[in-house]
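Have a look at the structure below, then the notes.
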Amino acid sequence: MQHKQWPAEWMRGVLGLCVLKSLEPGPTYGYAIASALESAGLGAVKGGTLYPLLTRLESNGLVTTEWRAGEGGPGRKYFRLTAEGLAELERQQSQWRHFTGIVHAHLNTEENRP
Amino acid sequence: MTKTTSEQKWLDEMVLELRLLNVDGARIGDAAATVREHLADSGEGPEEAFGDPTEYARSLGWEQPEPSGLLAVVAANLLGLFGFMALVFAAGPASDNQPVEISGFHLALAVAFLVGLPLIAFNLRAVVRLKAWQGGMIGAAAFALLVAAGLLLGETVVASLPALPIALGGGLLLLGTTLWGQFSRHQSPDPVVDPTAATDAGKKGSSRRDAWISFLGNWCLVIGAVIMVPVTVWLHRLSG
């Protein structure tokens, strides 16, 4: 199911985890991360939302950055998950699965149905 | 062309805001290159992709406290300007041993400088963010005050002082503060460095240019004095 845009408060809660997940396969650049998130069905993530988040991840030591020469265009800034970032991804993934399981179970209980 | 112009304007506003947040030049260059890269990839306009440049700059969370040497830099620049004015003002009378006559208007002008410039320097963020009409209103009010002071105080001489010590003192003050600026760590340039610049030679070329601009900025009052002093002496002799 494709959604144009999810509620902003949901995205605020989950975007950091999803960005960390996008970096799990290997170093990549901002637009590729935004495209991967959109392809995954999370909607369009604007640069004004993505880069401040990546900057915070870098400040917290979860990602490192490196400029690489572009092919005929401007250089690209690549983001790479650090060991701490990988550990944080695993921790948050585990927590998120537990949390969504609880929410899912709650939404499916008989007394909550109209 | 239009897109490039609006992109540059957006980037300029972001860079200005980051400067006002005391972010270092390397980080500013990184942020600008990141925006350019994203816009080239996405084909979006800067407003569409990043929103308001000022808000975006703040959202990066790079704000640093005011540098500790700001007071010293403001004081040195103010004293240097004062020295320049004293030198140029007294050079003419000093050239033929006449006294300097200080009017009430001169005093009002000096007070306006001594109060106004630090006020601007310590509220630079607020001043830069003023809308054009607000800045115009404040400027017009200050100008009106000066004109009123000029009309009220007129040519009334409040003091008559020996010109040579004032000219020499002004010159020394100007030279001293300029030399301090040249060798002080507070004045070292912090250029915006493009991390995508093709070569180290290119980056070095750019930093050499920035160093020259910084040098000329520091010595501009001395250069101005070298030009102005002979002119004022010549005009004084013509009028005398």
* **Closest contact, heavy atoms only, G47(A) versus Y56(B)** => O-CE1, 4.1 Å
* Which bit of E55(B) comes within less than 4.5 Å of chain A, counting heavy atoms only: side chain, backbone, both or neither? -> neither
* Asked: Shortest non-hydrogen contact from E37(B) to K77(A)?
  -> OE1-N, 3.0 Å
* Measure distances from D30(B) to the heavy atoms of chain A and classify the residue's part below 4.5 Å as side chain, backbone, both or neither. => both
* Residues, nucleotides or ligands: over 12 heavy atoms within 6.0 Å of M11(A) CE -> yes
* Structure fact -> Of all heavy-atom pairs linking G48(A) and F50(B), the shortest is N-CD2, 3.6 Å
* Structure fact -> Between the CH2 atom in W67(A) and the OG1 atom in T196(B), the distance rounded to the nearest 0.5 Å is 6.0 Å
* To do: May I ask you to list the residues in residues 15-30 of chain A that approach chain B closer than 4.5 angstrom, counting heavy atoms only, ordered by number?
  => Y29(A), G30(A)
* Asked: Does atom CZ of R80(A) have more than 12 heavy-atom neighbours, drawn from other residues, nucleotides or ligands, at distances under 6.0 Å?
  -> no
* Heavy-atom neighbours of F82(B) CZ exceed 12 at 6.0 Å -> no
